[in-house]
J.: 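One structure, as C-alpha cells, below. Some questions next.
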Amino acid sequence: MIRILPNVLSAAELQAVRELLPQVRFADGRITNPDSTIKQNLQAPQEDPANQRIALIARDALMRFGELRVFAQPRTMARTTVVRYEPGMNYGWHVDEALFPSTPPIRSDLSCTLFLNDPSEYDGGELTIQLGAQELAYKLEPGSAILYPSTTIHRVTPVTRGVRIAAITWLQSWVADSNQRELLVQLEEARGLAASGGDRQRLQVLLESLRTNLFRMWADT
C-alpha cells in the first residue's frame with residue numbers, strides 16, 4: 001500500500017525548514033553506504049545541527065498526522081535525514097535495508113519521503129516505485145509526504161535541472177504484516193462511516209472485505 005500524506009508540514013513549519021536548509025552541511029550520501037555503486041546524492045550527517053532541528057520538526061509533524069498513525073501503526077521512527085540531489089545525481093533501483101543499526105535496531109516496515117522544495121524547481125528526481133509490472137512516479141508539493149512499504153523496489157530518477165531536496169525516514173510498525181495493517185485501516189474507515197452515518201454502500205464493501213480477508217487469513221486449508 002502506498003499513501004500520499006498531503007500538507008504534513010504546516011506553513012510555519014515549512015518556512016522554518018526553508019530557513020534551516022541553507023545551514024545544512026551536506027556530505028557525500030555514500031557515507032552511510034560506502035560500497036554502493038548506485039547511490040549518487042548528498043545527505044546531511046546525523047550530527048549536523050540544522051539537520052537535527054529539521055528532523056525534530058519533521059518527526060513531530062509526521063507523528064501527529066492522523067492518517068499516518070492509522071496507516072502505519074508506528075512503534076518507532078528513525079531519525080529523519082535531509083537529502084539533496086543536484087543535476088546528474090540519482091539513486092538507482094534498490095530496496096531499503098531491513099534493519100537500521102540504532103539502539104535498539106529499527107526494522108524498516110515503511111519508508112517515508114517528505115518533499116521539501118517545489119517540484120517546479122527541478123526536472124527529473126521522481127521517486128519511482130515498482131508495483132508489479134507498473135512503475136509509479138511521484139513528485140509532491142513541499143510539505144507533503146509519501147509512505148510506502150520498505151519491501152518495494154524503488155529509485156530516484158536523475159535530476160536534470162535544479163535541485164531536489166527531501167527528508168527521508170523509516171518506521172517500524174506495531175503490526176509487522178502489511179496485510180494485517182490494511183485490515184486495521186479498513187476497520188478504522190468502517191468505524192468512521194458507522195459513527196457518522198456516512199456512505200452505507202462503502203461501509204458494506206468494507207465489511208465484506210474485512211470478513212472475506214479475515215476468513216482467508218484464518219482458514220485452515
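Only heavy atoms go into these numbers, but all of them, side chains included; no hydrogens, no water, no symmetry mates.
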J.: Using the side-chain contact (heavy atoms from CB on, under 4.5 Å) rule, take L62 and V8 through it: C-alpha gap first, then chi angles, then the decisive distance, then the call.
T.: CA-CA 6 Å; L62 286 164; V8 171; 3.8 Å; yes
J.: Are the side chains of L68 and L147 in touch, meaning some heavy atoms are under 4.5 Å apart?
T.: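 Result yes, sub-4.5 Å side-chain heavy-atom pair found.
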J.: Where is the tightest heavy-atom contact between A61 and L9, given as atom of each residue plus distance?
T.: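 Smallest heavy-atom distance, with atoms named: CB-CD2, 3.6 Å.
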J.: For side chain to side chain donor-acceptor pair (under 3.5 Å), just list the numbers for T152 and Q130, CA-CA rounded to whole Å, side-chain angles, deciding distance to a tenth of an Å, and then say yes or no.
T.: CA-CA 7 Å; T152 55; Q130 285 187 357; over 6 Å; no
J.: Going by distance alone, is a donor N or O of one side chain under 3.5 Å from an acceptor N or O of the other, for D109 and Q172?
T.: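 Not at all, the side chains of D109 and Q172 share no donor-acceptor pair under 3.5 Å.
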J.: Is R161 positioned over the aromatic face of Y122, cation under 6.0 angstrom from the ring centre and no more than 45 degrees off axis?
T.: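 The answer is no; the distance or angle limit is not met.
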J.: Kindly indicate whether the side chain of Y148, heavy atoms from C-beta on, has any atom under 4.5 Å from the side chain of R3.
T.: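 Side chain of Y148 against side chain of R3, heavy atoms only: no contact under 4.5 Å found.
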J.: Is there a donor-acceptor pair closer than 3.5 Å between any side-chain N or O of Q52 and the backbone N or O of Q46?
T.: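 Side chain of Q52 to backbone of Q46: a pair is present.
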J.: Report yes if some heavy atom in the side chain of M89 is under 4.5 Å from a heavy atom in the side chain of R84; otherwise report no.
T.: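 No, too far: nothing below the 4.5 Å cut-off.
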J.: Is there a donor-acceptor pair under 3.5 Å between the side chain of K139 and the backbone N or O of G124?
T.: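 Yes.
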J.: Is E67 close to L5 at the side-chain level, that is, under 4.5 Å between some pair of heavy atoms?
T.: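 SC-SC contact between L5 and E67 confirmed.
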J.: Taking all heavy atoms of E121 and all of N117, pick out the closest pair and write down the distance.
T.: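 Nearest heavy atoms, E121 then N117: OE1-ND2, 3.1 Å.
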J.: Could you go through the side chain to side chain donor-acceptor pair (under 3.5 Å) check for Q186 and S209 one step at a time?
T.: CA-CA 8 Å; Q186 292 182 359; S209 173; 2.8 Å; yes
J.: Please check if any side-chain donor atom of S173 sits under 3.5 Å from a side-chain acceptor atom of Q73, or the reverse.
T.: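 No.
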J.: Please determine, by modelled atom types, if Q204 and E208 share a side-chain donor-acceptor pair under 3.5 angstrom.
T.: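 Side-chain D/A pair, Q204 to E208: present.
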J.: Hey, what do you get for OG1 (T113) to CG (L140), rounding to the nearest 0.5 Å?
T.: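 The distance works out to 8.5 Å.
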J.: Which pair of heavy atoms, one from V24 and one from A50, lies closest together, and at what distance?
T.: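 So the two residues come closest at CG2-CB, 3.7 Å.
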J.: Decide whether L193 and V205 are clustered together by the hydrophobic rule: side chain heavy atoms of Ile, Leu, Val, Met, Phe, Trp, Tyr closer than 4.5 Å, transitively.
T.: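 L193 and V205: separate clusters.
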J.: When you measure from the side chain of D28 to the backbone N and O of I31, does any donor-acceptor pair fall under 3.5 Å?
T.: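 A pair under 3.5 Å: no.
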J.: Are the side chains of L127 and T157 in touch, meaning some heavy atoms are under 4.5 Å apart?
T.: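 Side chain of L127 against side chain of T157, heavy atoms only: no contact under 4.5 Å found.
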J.: Nearest 0.5 Å, please: how far is CE in M217 from OG1 in T212?
T.: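 Result: 12.0 Å between the selected atoms.
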J.: Are V70 and M77 grouped together when hydrophobic residues (ILVMFWY) are joined by side-chain heavy atoms under 4.5 angstrom apart?
T.: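 Linked within one cluster.
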J.: Using side chain to side chain donor-acceptor pair (under 3.5 Å), reason through N33 and R30 one step at a time and then give a plain yes or no.
T.: CA-CA 5 Å; N33 194 358; R30 288 173 295 183; over 6 Å; no
J.: Is there a side-chain contact (heavy atoms from CB on, under 4.5 Å) between N179 and N213 once you walk through the steps?
T.: CA-CA 9 Å; N179 292 322; N213 286 317; over 6 Å; no
J.: Consider only side-chain N and O atoms of Y85 and N41, and report whether a donor and an acceptor are under 3.5 Å apart.
T.: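 The answer is yes; a qualifying pair exists.
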J.: Spell out, as yes or no, whether a donor-acceptor pair under 3.5 Å connects the side chain of N7 to the backbone of S144.
T.: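 Not at all, since once roles are kept as given, no pair shorter than 3.5 Å links the two residues.
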J.: With a 4.0 Å cut-off, would you call E189 and R202 a salt bridge?
T.: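 Yes, E189 and R202 are salt-bridged.
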J.: Please examine the side chains of N90 and I38, heavy atoms only from C-beta on, and report whether any two atoms are closer than 4.5 Å.
T.: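 The answer is no, as the side chains (C-beta and beyond) never meet within the 4.5 Å cut-off.
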J.: Is the side chain of R25 donor-acceptor paired with the backbone N or O of A44 at a distance under 3.5 Å, no angle test?
T.: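 No, because the side chain of R25 does not come within donor-acceptor range (under 3.5 Å) of the backbone of A44.
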J.: Is it true that R191 and E188 make a salt bridge, defined as a side-chain N closer than 4.0 Å to a carboxylate O?
T.: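 Yes, charged N to carboxylate O under 4.0 Å.
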J.: Search all heavy atoms of T80 against all heavy atoms of A55 and return the closest pair with its distance.
T.: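 Smallest heavy-atom distance, with atoms named: O-CB, 3.6 Å.
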J.: Please check if atom CZ in R200 has more than 12 non-hydrogen atoms from other residues, nucleotides or ligands closer than 6.0 Å.
T.: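 Atom CZ in R200 is not crowded, with 12 or fewer foreign heavy atoms closer than 6.0 Å.
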J.: Evaluate the side-chain proximity of V83 to L42: yes if any heavy-atom separation is below 4.5 Å, no if none is.
T.: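 Heavy-atom side-chain distance check fails, nothing below 4.5 Å.
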J.: Can you check whether I146 reaches L114 side chain to side chain, under 4.5 Å on heavy atoms?
T.: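 Of all side-chain heavy-atom pairs linking L114 with I146, none is under 4.5 Å.
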J.: Using 0.5 Å steps for rounding, measure from the OG1 atom of T160 to the CG atom of D123.
T.: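 Here the rounded value is 4.5 Å.
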J.: Say whether S111 and S150, considering side chains only, have a donor N or O and an acceptor N or O under 3.5 Å apart.
T.: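 Checked: S111/S150 side chains pair up, N/O donor to acceptor below 3.5 Å.
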J.: Give the intermediate values and the outcome of side-chain contact (heavy atoms from CB on, under 4.5 Å) for residues R155 and Y91.
T.: CA-CA 5 Å; R155 67 170 178 167; Y91 198 157; 5.7 Å; no
J.: From L56 CG over to R79 CZ, what is the distance, rounded to the nearest 0.5 angstrom?
T.: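 L56 CG to R79 CZ: 8.0 Å, rounded to 0.5 Å.
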J.: Once you round to the nearest 0.5 Å, how far does CD of Q180 lie from CG of L214?
T.: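 The CD atom of Q180 sits 9.5 Å away from the CG atom of L214.
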J.: Does a donor on one side chain sit under 3.5 Å from an acceptor on the other, for E135 and T128?
T.: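 On atom types as modelled, these side chains do not qualify, holding no pair under 3.5 Å.
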J.: Test salt bridge (Lys or Arg N to Asp or Glu O under 4.0 Å) on R53 and E13 and set out the steps.
T.: CA-CA 11 Å; R53 292 171 65 187; E13 288 169 331; over 6 Å; no
J.: Is there a chain of hydrophobic side chains (I, L, V, M, F, W, Y, each step under 4.5 Å between heavy atoms) that links L131 to I4?
T.: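 Yes, same cluster.
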J.: Using every non-hydrogen atom in the two residues, find where G92 and H94 come nearest and quote the distance to one decimal.
T.: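 That closest heavy-atom pairing would be O-ND1, 2.7 Å.
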J.: To the nearest 0.5 angstrom, please state how far the CG atom of L20 sits from the CD1 atom of I54.
T.: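 If we round to the nearest 0.5 Å, L20:CG and I54:CD1 are 5.0 Å apart.
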J.: Honestly curious: do I168 and F100 fall in one hydrophobic cluster under the side-chain, below-4.5 Å linking rule?
T.: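 Cluster IDs for I168 and F100 match.
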J.: Would you please test V82 and L21 for side-chain contact (heavy atoms from CB on, under 4.5 Å) and show each step?
T.: CA-CA 9 Å; V82 180; L21 285 174; 3.9 Å; yes
J.: Would you say CH2 of W93 has more than 12 non-hydrogen atoms from neighbouring residues, nucleotides or ligands within 6.0 angstrom?
T.: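 Yes, CH2 of W93 has more than 12 neighbouring heavy atoms, counting only those of other groups under 6.0 Å.
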J.: I need the minimum non-hydrogen distance between L14 and P142, along with the two atoms involved.
T.: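 Scanning both residues completely, I find the closest heavy atoms to be CD2-O, 3.8 Å.
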J.: Do S108 and E97 meet the criterion of a side-chain donor-acceptor pair at a distance under 3.5 Å?
T.: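 Absent: no donor and acceptor within the cut-off.
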J.: Side-chain heavy atoms nearer than 4.5 Å, only ILVMFWY residues, links allowed to pass through others: does that put I57 and F26 together?
T.: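 Per the 4.5 Å side-chain linkage, I57 and F26 are co-clustered.
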